[in-house]
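Here is the structure we will look at.
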Amino acid sequence: MSAMELPIIQVNHADRLFACRQKIEEAVHQIIFSERLVEFTPAEIAMAIADIADDYILTIAKQHSAKH
């Protein structure tokens, strides 16, 4: 790919991410505001979820780059 070529972007990517978020958002909110996790604040739980998701994304990226 030359410097002037742009990568191909899937048109439906944003729509899929939005649809996925709609499907899981309630479940994530239930985890964040769960009374069973009362020793942690909702902010702490949300940050832990984000950290776990970040680790997963980094793992996928490493696996993808290892295949090339």
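Atom set for the values below is all heavy atoms of this structure, side chains included, hydrogens, waters and symmetry mates excluded.
When His29, Gln22, Gln30, Lys23 are each tested for a side chain to side chain donor-acceptor pair (under 3.5 Å) with Glu26, only one passes: Gln30.
Around CZ of Phe40, the count of heavy atoms belonging to other residues, nucleotides or ligands within 6.0 Å does not exceed 12. Within 6.0 Å of atom CD in Glu35, 12 or fewer heavy atoms from other residues, nucleotides or ligands are found, so the atom counts as exposed in its surroundings.
Taken to the nearest 0.5 Å, the OG1 atom of Thr59 stands 9.5 Å off from the CG atom of Asp54. Of the inter-residue distances, the one linking Ile60 atom CD1 with Lys62 atom NZ reads 12.0 Å to the nearest 0.5 angstrom.
Taking all atoms of both residues into account, the shortest heavy-atom contact from Ile31 to Leu37 is O-CD1, 3.5 Å. The minimum heavy-atom distance between Glu44 and Glu39, with the atom names listed, is OE1-O, 4.3 Å. Across Ile32 and Ala46, no two heavy atoms sit closer than the pair CD1-CB, 4.0 Å.
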